[in-house]
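A short write-up of the structure that comes next.
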Amino acid sequence: EISGFGDKIKGSLAQVGAIVAAGLAAGGAAVVALGSQMVNAAADSAALESQYSQVMGGMKATADKNLNEMAKAWNKHPSELKSAFSQYVAILKSKGMSEKDAHETAYKYLNATVDANAFANEDMASTTARFMGGIKGEYDSLDTAMVDLSQTMLNDLAQKEYGKKWDTLTVLQQENLKTSKMMKDHMSSGVFGQGTKEADSYANNLAMVKNTWNDVMVSLGNKALPKVNELLKK
């Protein structure tokens, strides 16, 4: 398995492999713990990929390309971006947006998420939850993400931008107002662009190591998962 990961990290993985082998040799709890980690990682990965493929629909190929490019620019693991992006697209579509509009709006949320994540120095899941709250209308959740929104403010913006009350706007118009205000807040507070500026940060590199280890567990767990499922059925 190690030989497939490239010369650059072969040495490190070989050392990890030796540690794992020693743990397996010890038997008992070590075997159970490692096996559990492998199978759970494989199951979580399969669930994410299934959800992602389902939500992306006919735009999956484009999303794959865009998210992979973003992952490289931000030094983020693709699975973190897939998880956040899937949640945004799914909830926006559930609110009545077309697939195309949902994807375009979700990219705006993803950019804001990565910048806020770098600024707040927290895990991606927590920052994603803040912006999911914002999409649902729970604006207090965005304070730590350096975004100031309220229903009164959005009502005023709706009148100014569209000459209509907030409640009469389309979902696309409402989300355009939100993401536009988020961009202005991030520009004025200096948060805009933090995702790129802090791409090589300790937090990012640590998260990448954890996610890469998880990839190793997934590759091994994929072989064991079908057998474990059969045992669970029995």
From [X] [atom1] over to [Y] [atom2], what is the distance, rounded to the nearest 0.5 angstrom?
X      : Y      : atom1 : atom2 : result
Gln51  : Ser86  : CD    : OG    : 7.5 Å
Glu80  : Met70  : CD    : CE    : 14.5 Å
Trp74  : Leu81  : CH2   : CG    : 6.5 Å
Arg130 : Met146 : CZ    : CE    : 12.0 Å
Leu142 : Asp185 : CG    : CG    : 9.5 Å
Thr127 : Glu122 : OG1   : CD    : 3.5 Å

Taking all atoms of both residues into account, what is the closest heavy-atom pair of [X] and [Y], and its distance?
X      : Y      : result
Leu48  : Ser79  : CD2-O, 3.8 Å
Ala203 : Asn121 : CB-OD1, 3.2 Å
Met124 : Ala84  : CE-CB, 4.3 Å
Ala73  : Ala199 : O-CB, 3.7 Å
Leu177 : Tyr162 : CG-CE1, 3.8 Å
Thr105 : Met97  : OG1-CE, 3.6 Å

- [ ] Verify the neighbour count for atom NZ of Lys184: are there more than 12 heavy atoms of other residues, nucleotides or ligands below 6.0 Å?
- [x] no
TODO: Check whether more than 12 heavy atoms from other residues, nucleotides or ligands sit under 6.0 Å from atom CE of Met183, and answer yes or no.
DONE: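 No.
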Check side-chain hydrogen bond (donor to acceptor under 3.5 Å, both in side chains) between [X] and all other residues, then give those that pass, not counting sequence neighbours.
X      : value
Ser180 : none
Asp167 : none
Thr196 : none

Task: Tyr109 vs Thr179, side chain to side chain contact (heavy atoms under 4.5 Å, CB included): CA-CA, chis, key distance, verdict - done: CA-CA 7 Å; Tyr109 274 108; Thr179 53; 3.7 Å; yes
For residues [X] and [Y], determine if any side-chain heavy atom of one lies less than 4.5 Å from a side-chain heavy atom of the other.
X      : Y      : result
Lys165 : Gln159 : yes
Lys82  : Glu49  : yes
Val89  : Met59  : no
Leu172 : Asn176 : yes
Asp148 : Lys181 : yes
Met132 : Thr128 : yes
Phe131 : Met182 : yes
Lys178 : Glu175 : yes

Does any N or O in the side chain of [X] come within less than 3.5 Å of the main-chain N or O of [Y], such that one atom is a donor and the other an acceptor?
X      : Y      : result
Gln194 : Val191 : no
His186 : Gly193 : no
Thr212 : Met208 : yes
Lys93  : Val55  : yes
Ser45  : Ala42  : no
Asn214 : Lys210 : no

- [ ] Find out if a path of hydrophobic residues (ILVMFWY) with successive side-chain heavy-atom gaps under 4.5 Å connects Phe119 to Val147.
- [x]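 Phe119 does not cluster with Val147.
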Open item on the list: I'd like to know if Val216 and Val218 are part of one continuous hydrophobic network [Ile/Leu/Val/Met/Phe/Trp/Tyr, side-chain heavy atoms within less than 4.5 Å].
Closed with: no
Open item on the list: Out of the candidates His77, Glu198, Lys76, only one should pair with Asn204 under the side-chain hydrogen bond (donor to acceptor under 3.5 Å, both in side chains) rule; please name it.
Closed with: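 The passing option is Lys76.
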TODO: Walk me through it: do Trp213 and Val209 pass the test side chain to side chain contact (heavy atoms under 4.5 Å, CB included)?
DONE: CA-CA 6 Å; Trp213 171 251; Val209 169; 5.5 Å; no
Task: Side-chain H-bond candidate by donor/acceptor type, Thr113 with Asn117, under 3.5 Å - done: no
- [ ] Scan side-chain atoms only and decide if Asp64 and Tyr52 contain a donor-acceptor pair under the 3.5 Å cut-off.
- [x] yes
Task: Chi angles and distances behind the salt bridge (Lys or Arg N to Asp or Glu O under 4.0 Å) call for Glu69, Lys72 - done: CA-CA 5 Å; Glu69 289 174 356; Lys72 291 177 183 176; over 6 Å; no
Open item on the list: Test salt bridge (Lys or Arg N to Asp or Glu O under 4.0 Å) on Glu104 and Lys108; report intermediate values, then the result.
Closed with: CA-CA 7 Å; Glu104 290 177 356; Lys108 295 176 184 178; over 6 Å; no
Open item on the list: Would you say the rings of Tyr107 and Phe85 are close, in the sense that their centroids are separated by under 6.0 Å?
Closed with: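 Distance test on ring centres: under 6.0 Å, yes.
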